[in-house]
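FYI, side chains are in, hydrogens and waters are out, and symmetry mates aren't considered; it's all heavy atoms of this structure.
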Amino acid sequence: MQGLNPQQQAAVRHIDTPLLVLAGAGSGKTRVIVEKIVHLIESKGTPARGIWAVTFTNKAAREMAERIGQRLPAERRRGLNISTFHTLGLNLIRREIRTLGLRPGFTVLDAEDSLNLIKSLLQQNESAAGMIEPKEAQWQISQWKNDLLTPSQAMQTSADEVEAACASLYDDYARQLTACNALDFDDLIKRPVELLRDDAEARERWQNRVRYLLVDEYQDTNASQYELVRLLVGKLGRLTAVGDDHQSIYAWRGARPENLSHLARDFPNLTTVKLEQNYRSVNTVLTAANQLIANDPTTQPKTLWSAVGPGEAHRVLVCDTAEDEAERIATDILHRHFKDDSPYRNFAILFRGNHQARLIEQQLRKLSIPYILTGGQSFFERAEVKDAMAYLRLMANPSDDAALLRIINTPRRGIGPTTLERLGQIARERHVHLAAAARSVTAAQRLDSRVHHQLTQFLDWLDATRSRMDEQPAAEAMRGLLEEVDYFGYLREQENSAKAAERRWTNLQDWLEWTERIAVDNDSGESLSLTELVQKMSLLGILEQKTRDQDDNAVRLLTLHAAKGLEFPHVYLSGMEEDLLPHQDCQEDDRLAEERRLCFVGITRAQRSLTFTLTRRRRRYGQWRDVRPSRFLEEVEADLLRWEGIGVQKSEEENRATAAEAMSAIRAMLGKS
DNA sequence: TAGTGTTAGATTTTT
DNA sequence: TCTAACACTA
């Protein structure tokens, strides 16, 4: 309890009835969750296995587990459940697998697999074909699933024929998933909710297991996640929800920030604690943030304050063009890096859209400033990694159509689109998966005999390889498999340069190493079964970058969304312009309010200094357009802003001169040291 | 199946 | 203006 303020202590001590912690930005909310778990175990004697903490990202879960690891010895925290919503759902499904009618080894499809499945179903479904874009259909189906609607309910509630067609597609999709023994991400929440809702025995079983539930970033929960929370908590209501409506920036993705206020409705004995003391930022930063967010009509008032220090007025750099903006940010960072002896990791550049990063990257590279760009294509989105994953998935689940389709002709085996089309038809007619369809008599009749032979041979090979999988560790087996199919040969054939092929092959070696590492259970240290391994993999979205995140002394480039939860001494908020922030597609009230909160999130990332930048004119879709400063700048009191560069139109030569000056400063410094 | 032409669409994104 | 995804052709 030491070092906690009175509100934080109240939140930690409050045990037996439902609690909502409205935790302002930088108010130490993770600390509260961690301390509360420690308190539950140490002071209240709650068994660790009865405590469940839920986050949204793997990273957040890992961090929380690490912090608890620093506070409690291993034997006292054994059995503690810290995971994402989706991992919790997956574990529940695994334990209830028979009740749910799934076979062991079921697959979890990622967004790309699910989209591919929808595309192929869309071609088949006459009522839907041509009416809907695959992406839209995917989004709609996901919405329905998040609202816990079955295909027939979706059909009944559909407003027009497009929606009705989409509902029919949803029906196809659900059937196909069942046939493939597969789930998508939404199912990982939806299926547990349905089970706990409809099966009183299972509900009681789980409510006994979950003695105490803590939910982080509660404003980001969607309808089905909230339902899962309610069902797990039950009547006892031993729930701690921690969230901040001011940082609700994911409504566009289905989050329901109103779940915060629904808590009071659903739990009449709810207690609310507000955390308003900020431990991160100087007061000018918080004043700007408070003034901005006061204009949000949709959220509860909350005023941040801190004892960190007064702080300075925020600079607003008015630049001519986006190139100029990028250059000014880069030279500014370079300048402060040397002048204040401030390491590069102290700086972050934030922007609304990823495309804004490109010019900034170019400028940073020009000045040899190290940077880390978060976002972009992740390791797991690389084709070669997805291919290898698909092979491994097929080893665990022979009926995984998405995986089969991905690698059936990779490397080439002469099984082309026509064959797959016919095969798909057979599979859909009988509601079976593709491999089963290929084995059917009908397939032998309808397919070209040579191709059919190829196909069955390949399937035989898969089966044989599968039966050998148990004999050695998964990574080892995969190494052999990739050599057997001559994947490297395939890469060389695909790539123009030998170097590119090498690089992709190296990615695979990294993946194999990673596979080896994660093939053990986090708690027990025992090695995972193939099925467990594959399922764990499909949820671990990112290559563990913890060493890079902290150790690399580099400027961080992030979108405003990606910056949530992070903090930096010096923050640059770029593109403070109308139509960029707020974004042009977000003019209606709700969305505008979310844009404001996004800006709030950006501002509150800053610990010591905050610099806004904007341009006078920007090229947009090839057209030069005059730019107006963001209305959000006007919502901040003028005294807090120090505008620079108005009326001074720098020429390119002058800019280059600034850069050159900075460069010679570096040389001087380097010479000295 | 590689190569070329056409067209939409250009915000945020985790699991 | 740029790009990526696609449909079409040789």
Length of the [atom1]-[atom2] vector between [X] and [N], whole Å:
X	N	atom1	atom2	value
A:H583	B:dA10	NE2	P	9 Å
A:L109	B:dT14	CG	C1'	16 Å
A:I141	B:dT15	CD1	C1'	17 Å
A:K145	B:dT14	NZ	P	20 Å
A:N146	B:dT14	CG	C1'	12 Å
A:H355	B:dT11	NE2	C1'	9 Å
A:N354	B:dT14	CG	P	10 Å
A:L90	B:dT14	CG	P	19 Å

Exercise. Where does the angle between the aromatic ring planes of A:H561 and A:Y250 fall among parallel (under 30°), tilted (30 to 60°) and perpendicular (over 60°)?
Worked result: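 The rings of A:H561 and A:Y250 sit tilted, inter-plane angle from 30° to 60°.
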Exercise. Do A:F185 and the base of B:dT14 stack face to face, with centres under 5.5 Å apart and an angle between planes under 30°?
Worked result: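 No, aromatic ring not over the base.
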For this session: Validate the cation-pi geometry between A:R597 and A:F600: distance from NZ or CZ to the six-membered ring centre under 6.0 Å, angle to the ring axis within 45°.
Result: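 A:R597 over A:F600 ring: no.
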Taking N or O atoms only and anything under 3.5 Å, show me the protein contacts with nucleotides 5-10 of chain C, one pair per line.
none

Exercise. Checking all strands, does A:Y621 fall into the base, sugar-phosphate, or nothing category for heavy-atom contacts under 4.0 angstrom?
Worked result: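 Answer is base: heavy atoms of A:Y621 come under 4.0 Å of a base.
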For this session: Apply the salt bridge (charged side-chain N to carboxylate O under 4.0 Å, His left out) test between A:E577 and each candidate in A:R631, A:R352, A:R618; give the one that qualifies.
Result: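 Between A:E577 and the candidates, salt bridge (charged side-chain N to carboxylate O under 4.0 Å, His left out) is satisfied uniquely by A:R618.
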Exercise. Taking for each residue the nucleotide of DNA chain B with the nearest heavy atom, is it A:R412 or A:Q584 whose nucleotide lies nearer the 5' end?
Worked result: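 This one resolves to A:R412.
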Exercise. On a whole-Å scale, what distance lies between the P atoms belonging to B:dT11 and C:dC2?
Worked result: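 Approximately 16 Å lies between the P atom of B:dT11 and that of C:dC2.
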Exercise. When you compare C:dT3 with B:dT14, how far apart are their P atoms, in angstrom units rounded to a whole number?
Worked result: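 Their P atoms lie roughly 24 Å apart.
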Problem set entry | side-chain N/O A:S538 vs B:dT15 OP1/OP2, d < 4.0 Å |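 No, outside the criterion.
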For this session: Report yes if a side-chain nitrogen or oxygen of A:N58 is closer than 4.0 Å to either non-bridging phosphate oxygen (OP1 or OP2) of B:dT14; otherwise report no.
Result: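 Negative; the distance criterion is not met.
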Between [X] and [Y] (side chain of the first, backbone of the second, donor and acceptor by atom type, cut-off under 3.5 Å), is there such a pair?
X	Y	value
A:D147	A:L149	no
A:S120	A:L117	yes
A:R605	A:L566	yes

Please pick, from [options], the nucleotide with the shortest atom-to-atom distance to any side-chain atom of [X].
X	options	value
A:C586	B:dT13, B:dT11, B:dT15	B:dT11
A:A562	B:dT11, B:dT13, B:dT15	B:dT13
A:R253	B:dT14, B:dT12, B:dT11	B:dT14

Problem set entry | Partners meeting side chain to side chain contact (heavy atoms under 4.5 Å, CB included) with A:T87 (sequence neighbours left out) |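 If we apply the side chain to side chain contact (heavy atoms under 4.5 Å, CB included) test to A:T87, skipping adjacent residues, the hits are A:N58, A:S83, A:T84, A:N91, A:L539.
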Exercise. Does the ring center of A:W252 lie less than 6.0 Å from the ring center of A:H583?
Worked result: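 Ring centroids of A:W252 and A:H583 are no less than 6.0 Å from each other.
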Problem set entry | Side-chain donor/acceptor of A:R620 to base of C:dT1, under 3.5 Å |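 No pair found.
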